Visitor: 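Attaching a single structure in structure tokens format; questions to follow.
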Protein chains: 2
Amino acid sequence: MSTCIDPSAIPEEAPPDPVRPHHHGNLKSALIDASIDLLNADGPSGLTLRKAAARAGVSHAAPAHHFAGLADLLTAVATRAFELFTTAMRHARQDAGENARARLEGICTGYIRFANEHAGLFHVMFLSADVDRSDPHFLRTSEAAYAELRLACLPFSRVAPDPDQTLEIAVWSLVHGYAVLGFGAPWRKGIGPTPPSDFRDLLDRILASHTMPD
Amino acid sequence: MSTCIDPSAIPEEAPPDPVRPHHHGNLKSALIDASIDLLNADGPSGLTLRKAAARAGVSHAAPAHHFAGLADLLTAVATRAFELFTTAMRHARQDAGENARARLEGICTGYIRFANEHAGLFHVMFLSADVDRSDPHFLRTSEAAYAELRLACLPFSRVAPDPDQTLEIAVWSLVHGYAVLGFGAPWRKGIGPTPPSDFRDLLDRILASHTMPD
DNA sequence: GAGGGATCTTGACACTGTCAAGAAAATACC
DNA sequence: GGTATTTTCTTGACAGTGTCAAGATCCCTC
């Protein structure tokens, strides 16, 4: 009897999708990737739990098993983004060579360029009200990014270590304010004046009263 | 027959609400007020078209006749907020007296204090992705706020007028970055280091290389 | 006083995040 | 190896959101 029917010929009852098994395999990471794609494509409001799920090829409620909610996904995205941010600044520093001043400049340039080129991500990292900024994993990676900037400021400290961190806060506020008030993200256009041709002039004003280590 | 029934006794058919007439009177302004209340109470995500309508005592679709959509309401709220912002800085400047340096410091202090005390509004003004920042009315009021800061920077310009606006952009970026990276809004907690005891130290670094006009 | 435009309401739609219940697969356990 | 449990995902539902269409109501003008 069994020979009468070729098992491979009959339309089998429920092989739901041979290419996509029931288990995704690495859905958590895939959802973060999808979210970053959506943010880069459509800006801060382009990210949605359901759209991220659809882009990862999964039903709308699947993310709930990996993220407690939208805020949790946003926090994970911001965390991943800070890793990219740190490596971007690190590369900018390395490209700048050995000179301490050039290195700090490189960090700041990387900071601003990242804000412009990844405006959606940058928005989530710094401006989203939903990210849980007390999350331990988020804290660790964001502080790693700040450490990169702090390290570049160290050679310019009036006293080392500066107890009030005045210089690094000044540089950090300057570059962040400049990046945020800028210029590049289409949904932030027209916010301010034309940026100066070179950020160096602004940095000069912060470092003017200091000895140049090189 | 008519005497059999006291007209004031029967539950009349449809006097919908004697205290609230069909026409609100000044709904557009009332919606902006309600939105500001909601933002101050519940933060940036507390503002909703329907909630603003309910708070103004009006049906959920009524705002559509005064605002093209949520983005339009947000733009109007941001515009109103910039007016408050400007007067706040102006008061801070007047309280600071005649000394140019003290006046600039007052402006910056007012800037930061406003960001902390009206965090929800500040978020909409500067950080919301939905505000139409090319709206003429918005542009006018926001530029008035910037003018207040620019005016306070004028006495410190190396050359007057500074063609590159380097100084004012430096001060502006510094104070804005400091305010945004701060400190005060509960949903932004834990973002950075402890702020220095006084913003004056940071301002010193911007103005160090300049002649003090007073 | 009648017409017309502005203003508001009601109802509906698609979309959102979130929850509950169940199916399917992987894993643990005996 | 076979069963039980846990993890993972699906389906379905719910309230809340912005937005649109159609109608009721009011005010103003002619």
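Keep in mind the model is a prediction, meaning the values are calculated, not measured. Chain A is the first sequence line, chain B the second, and so forth, proteins listed ahead of strands; every chain is numbered from 1.
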Visitor: Could you state the atom-to-atom distance from NE2 of His66(B) to C1' of dG5(C) in whole Å?
Guide: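 Distance check: His66(B) NE2 to dG5(C) C1' gives 14 Å.
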
Visitor: Hey, is the side chain of His60(A) pairing donor to acceptor with the base of dG12(D) inside 3.5 Å?
Guide: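 By the distance-only test, yes, there is a pair.
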
Visitor: Remember a base hit wins even if backbone is also touched, and classify Lys51(A) as base, sugar-phosphate or nothing at under 4.0 Å, heavy atoms.
Guide: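 It contacts sugar-phosphate atoms only.
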
Visitor: Starting at the 5' end of DNA chain C and moving along, which residue's nearest nucleotide shows up first, Ala71(A) or Asn26(B)?
Guide: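 The answer here is Asn26(B).
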
Visitor: Could you state the CG-P distance from Leu38(B) to dT17(D), rounded to the nearest angstrom?
Guide: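 One finds 11 Å between P of dT17(D) and CG of Leu38(B), rounded.
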
Visitor: When you compare the side chains of Ser128(A) and Asp130(A), does any donor N or O come within less than 3.5 Å of an acceptor on the partner?
Guide: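 The criterion, which ignores hydrogens and geometry beyond distance, is not satisfied for Asp130(A) and Ser128(A).
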
Visitor: If you take atom types as modelled and just measure distance, does the side chain of Arg50(B) reach the base of dG16(D) with a donor-acceptor pair under 3.5 Å?
Guide: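 Answer no: no donor N or O sits under 3.5 Å from an acceptor.
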
Visitor: Please give, in whole Å, the distance from dC15(C) C1' to Leu70(A) CG?
Guide: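 For the pair Leu70(A) CG and dC15(C) C1', the rounded distance is 14 Å.
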
Visitor: Output yes when a side-chain donor or acceptor of Thr75(A) lies under 3.5 Å from a complementary backbone atom of Asp132(A), and no otherwise.
Guide: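 Looks like yes, one N/O pair under 3.5 Å.
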
Visitor: When you get a sec, tell me which of dG17(C), dT9(C), dA20(C) is the closest nucleotide to the side chain of Ala62(B)?
Guide: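 From the listed options, dT9(C) comes nearest.
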
Visitor: Got a salt bridge between Arg80(B) and Asp33(B), using NZ or NE/NH1/NH2 to carboxylate O under 4.0 Å?
Guide: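 The answer is yes: the pair qualifies as a salt bridge.
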
Visitor: Give the rounded distance in Å between these two atoms: CG of Leu31(B) and P of dT7(C).
Guide: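 For the pair Leu31(B) CG and dT7(C) P, the rounded distance is 12 Å.
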
Visitor: Has His123(A) got a side-chain atom pairing as donor or acceptor with Leu127(B)'s backbone, closer than 3.5 angstrom?
Guide: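 At least one qualifying donor-acceptor pair exists.
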
Visitor: If I take atom CG in residue Asp42(B) and atom C1' in nucleotide dG16(D), what distance separates them, rounded to the nearest angstrom?
Guide: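 After rounding, the reported distance stands at 15 Å.
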
Visitor: Looking only at the side chain of His65(A) (C-beta and beyond, no hydrogens), which of the listed nucleotides dC9(D), dT7(C), dT18(C) gets closest?
Guide: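 The closest nucleotide is dC9(D).
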
Visitor: Quick one: Asp130(B) CG to dT19(D) C1', roughly how many Å, whole number?
Guide: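 Spelled out: CG on Asp130(B) to C1' on dT19(D) is 15 Å.
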
Visitor: Whole Å only: how far is the CG atom of Leu49(A) from the C1' atom of dC15(C)?
Guide: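 These atoms are roughly 13 Å apart.
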
Visitor: Check whether the ring centres of His176(B) and Phe122(B) lie less than 6.0 Å apart, and answer yes or no.
Guide: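 That pair passes the under 6.0 Å test.
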
Visitor: How long is the line joining CZ of Phe67(B) and P of dG18(D), in whole Å?
Guide: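 Rounded to the whole Å, the gap is 13 Å.
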
Visitor: To the side chain of Ala61(B), which of dC8(C), dA21(D), dT16(C) is closest?
Guide: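 Among dC8(C), dA21(D), dT16(C), the one nearest the side chain of Ala61(B) is dA21(D).
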
